[in-house]
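These notes are about the structure you will find just below.
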Amino acid sequence: SYVGKPVKRLYDDKFVAGKSTYVDDIRIPALYAGFVRSTYPHAMIKRIDVSDALKVNGIVAVFTAKEINPLLKGGIRPWPTYIDIRSFRYSERKAFPDNKVKYVGEPVAIVLGQDKYSVRDAIDKVVVDYEPLKPVTKMEEAEKDQVIIHEELKTNISYKIPFKAGEVDKTFNEADKVVRVEAINERLIPNPMEPRGIVSRYEAGTLSVWYSTQVPHYMRSEFSRILGIPESKIKVSMPDVGGAFGAKVHLMPEELAVVASSVILGRPVRWTATRSEEMLASEARHNVFTGEVAVKRDGTILGIKGKLLLDLGAYITVTAGIQPLIIPMMIPGPYKIRNLDIESVAVYTNTPPITMYRGASRPEATYIIERIMSTVADELGLDDVSIREKNLVTELPYANPFGLRYDSGDYVGLLREGVKRLGYYELKKWAEDERKKGHRVGVGLAYYLEICSFGPWEYAEVRVDERGDVLVITGTTPHGQGTETAIAQIVADALQIDISRVRVIWGDTDTVAASMGTYGSRSVTIGGSAAIKVAEKILDKMKRIAASTWNVDVQEVQYEKGEFKLRSDPSKRMSWDDVANIAYRSHDPGLVEKIIYENDVTFPYGVHIATVEVDDTGIARVLEYRAYDDIGKVVNPALAEAQIHGGGVQAVGQALYEQALLNENGQLIVTYADYYVPTAVEAPKFTSIFADQYHPSNYPTGSKGVGEAALIVGPAVIIRALEDAVGARFTKTPTTPEEIMK
Ligand code: MCN
Ligand code: MO
């Protein structure tokens, strides 16, 4: 059997050999696109003059809002699958603004030409006259509504909902102490290796789009809705995607403009974002929690009051709407806190729009609740383990005060075991000794509970060909995780065949009948379970074929390790290949089964620790990162561990180095050169252990997700280690050398 083993990734040869095909490698003759972008954070567009740009050699067209927007039947809006979009104030975003720009970098025109270089030249020749308006780039200012960004909304507040449970005021009357807590996540940039990219061709009424996306089917439905082309005439295909980290679930106006231009011109159009454009197109996080916690002397958390202020940037993206909702609901985390009053407020600012980044919402919720745990521990003179033990949920399943149902686990047991297995107390002792010698080192610990496998469903199809080889078509859309290998393992086990006979494909709307996609650490759990279910259907059909060949009842047929046998006469056998072959010669030919599998969310959890060293200049490095997680059944320990490593390195970046710094004009003042994405040099030594005594989800795979775990808890872990090293309180990610030296 394959499940549970570190099977090597099946399709990596091409990556290793540099033979993969990203969007930019797709060589169909196409015009190159480039964008004229606003240099103002907030300004009226008086006039756009494209005449000089059109004179540049090789330029075919320049389109502005005037040409593109009338083609659109709708605009970009939040994702109705996951949120009640009626609770948000928003306007659907067109490709280009009709008369007002709302952030520096906002595209106002698309330049189309024969080659990249003429396009680049022509961009500078487009003249845009602006009448600058006062910008509002800070959330706290935007909330006051003195400058309104979307006039038609009459306010900058898109979302304002109190999340209330229990009796908070009472707990504050009964409290021994009230502790103030602040938790700030600055603006980040996910920075996948491959930037955004798209190629679009409209020919004979059919739209074909090659797109670096996580959600081809969703994008097909959006192109259909926005452009008014029937879905049956749209094909969206996802070639190799060089990472996404949640940021390629949203549709950008640039991409919409590329597709619209290809429709207008009847010629293929391509665009790949430069790194600078990528840094504008995929910004994420940026939120502030301020609150008060009512506690008892023994560390019991009685209640939490607070406010969560989230930046949406200038427009709500497809995914940003999820966060003001999920963050408050997950603030209680793994703890039995039932009295909460958290006001969640999401505002527009004159800054680049905010999208999702690995964990989207759960890193924020975890950071907030773990800051609360650590701060309360400090204020009461308790330690990081006992404060958590005191408050952890002890009986599962458990309904959290906002209605989320935690499925399975032993939260206290995992904490105790994790602390032991990860050598937490030994490291604490080591750090103390080192500090006595004058070294600034520290150890941090944090706990997390994640909500993952957002459903509601996923698609899977299995085809067995006449030679008995198996094709699995999954609705999930792996883009670096290696989930395809895990799904091959699952199917090979379900069918009891050799894994070399299984091939897994995904990511093309013409091939895959339906799909939700890969995000929210759902794929191996919901996609793998769909694959198990459909493999069972195939096996059933093969048993029926064997039975009819032998002219017996299907109950008479037994299947084991590639062989069908007759129960009453074990000498009668047929191989897997024989039955597959017969299947194509019968009157109900073929072996093709499909399924939509539906299930609920599931909740993995774990405890992570890290050690940090701070040098004389305030630069901090994470030395070690150790993780102990219960992710249910582990399908492929090598793949799962790799997720902890990748997420862990991104946590190092978020906690210490990465910040999308904007000036007071909302202008991004960092480039890739000084936006410090951690490299191998900054990567800590990793230890990743998955609980042997795991608690399965109620999915057929028994698994829970792990794709975001280390970035969900890592920032809280590292900031705690920094506090231990420096002996000060830190509230912000990133905490920079300047702040450390203060
Ligand atoms: N796995 C396992 N056993 C489990 C759980 C997971 O073996 N019990 C393995 C899976 O086989 C898969 C990996 O761990 O190889 C992650 O699986 P899962 O948790 O199901 O997450 P998804 O496959 O749905 O991946 C999405 C997740 C998300 S939401 C972000 S963001 C993220 C992440 O994956 N973006 C990534 N990891 C990334 N890794 C890469 N290389 N690139 C990205 O863009
Ligand atoms: Mo994600």
Side-chain angles (χ1 to χ4, degrees), residues 2-12 15 82 188 190-194 212-215 238 240-250 282 284 319 322-323 326 355-363 450-455 458 474-490 504 506 515-531 602-604 606 629-650 688 690-691 694-697 699-712:
Y2 298 98
V3 170
K5 303 211 173 100
V7 173
K8 285 219 174 95
R9 296 167 63 118
L10 296 172
Y11 309 122
D12 274 10
F15 295 113
Y82 285 109
L188 287 181
N191 270 310
M193 291 235 251
E194 183 208 17
S212 184
T213 178
Q214 300 171 241
V215 282
M238 163 200 185
D240 292 327
V241 170
F245 305 113
K248 288 177 183 169
V249 171
H250 74 134
S282 299
T319 50
I322 294 163
Q323 303 173 51
I326 308 263
T355 173
M356 289 208 287
Y357 179 31
R358 204 170 193 169
S361 308
R362 292 95 91 215
E450 193 203 333
I451 175 172
C452 70
S453 294
F454 291 97
E458 195 46 271
T474 175
T476 66
T477 51
H479 44 275
Q481 296 86 349
T483 322
E484 62 279 13
T485 299
I487 290 175
Q489 291 173 255
I490 287 169
V504 181
W506 67 93
S515 146
M516 300 271 322
T518 285
Y519 47 81
S521 300
R522 69 195 297 272
S523 302
V524 86
T525 302
I526 195 159
S529 295
T602 173
F603 293 83
D629 301 277
D630 180 350
I631 58 166
K633 186 178 202 149
V634 180
V635 178
N636 182 324
L639 293 174
E641 203 179 307
Q643 291 296 314
I644 297 292
H645 298 179
V649 174
Q650 288 177 313
S688 164
F690 297 106
Y694 63 84
H695 296 75
S697 65
Y699 281 78
T701 52
S703 63
K704 298 178 178 182
V706 72
E708 298 154 291
L711 189 52
I712 285 172

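Just follow the structure's listing: the first ligand is 1, and inside any ligand the first atom is 1.
Here the side chain of E458 pairs no donor or acceptor atom with the backbone of I526 at under 3.5 angstrom. Formation of a donor-acceptor pair under 3.5 Å by the Y11 side chain with backbone atoms of V504 is found in this model.
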Within the protein, flag every N or O under 3.5 Å from an N or O of ligand 1, and note the pair and distance.
| unit_1 | atom_1 | unit_2 | atom_2 | d |
| --- | --- | --- | --- | --- |
| ligand 1 | 3 (N) | V635 | N | 3.0 |
| ligand 1 | 7 (O) | V635 | N | 3.4 |
| ligand 1 | 7 (O) | N636 | N | 2.8 |
| ligand 1 | 7 (O) | N636 | O | 3.2 |
| ligand 1 | 8 (N) | I631 | O | 3.3 |
| ligand 1 | 8 (N) | K633 | O | 2.8 |
| ligand 1 | 8 (N) | K704 | O | 3.1 |
| ligand 1 | 15 (O) | Q481 | O | 2.9 |
| ligand 1 | 19 (O) | V706 | N | 2.7 |
| ligand 1 | 19 (O) | G707 | N | 2.9 |
| ligand 1 | 20 (O) | S523 | N | 3.3 |
| ligand 1 | 20 (O) | V524 | N | 3.0 |
| ligand 1 | 23 (O) | T483 | OG1 | 2.9 |
| ligand 1 | 23 (O) | S523 | OG | 3.4 |
| ligand 1 | 24 (O) | R522 | N | 3.1 |
| ligand 1 | 24 (O) | S523 | N | 2.9 |
| ligand 1 | 24 (O) | S523 | OG | 2.7 |
| ligand 1 | 25 (O) | Q481 | NE2 | 3.2 |
| ligand 1 | 34 (O) | Q481 | NE2 | 3.0 |
| ligand 1 | 37 (N) | R358 | NH2 | 3.0 |
| ligand 1 | 37 (N) | Q643 | OE1 | 2.6 |
| ligand 1 | 41 (N) | G480 | O | 3.3 |
| ligand 1 | 44 (O) | A244 | N | 2.7 |
| ligand 1 | 44 (O) | F245 | N | 2.9 |

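Looking only at atom types and distance, the side chain of T525 has a donor-acceptor partner in the side chain of S703 under 3.5 Å away. Remark: the E641 side chain and the S688 side chain contain no N/O donor-acceptor pair separated by less than 3.5 Å. Q643 and H645 form no side-chain donor-acceptor contact under 3.5 Å, judged by distance and modelled atom types alone. With hydrogens and angles left out, the side-chain atoms of T518 and S523 include a donor and acceptor closer than 3.5 Å.
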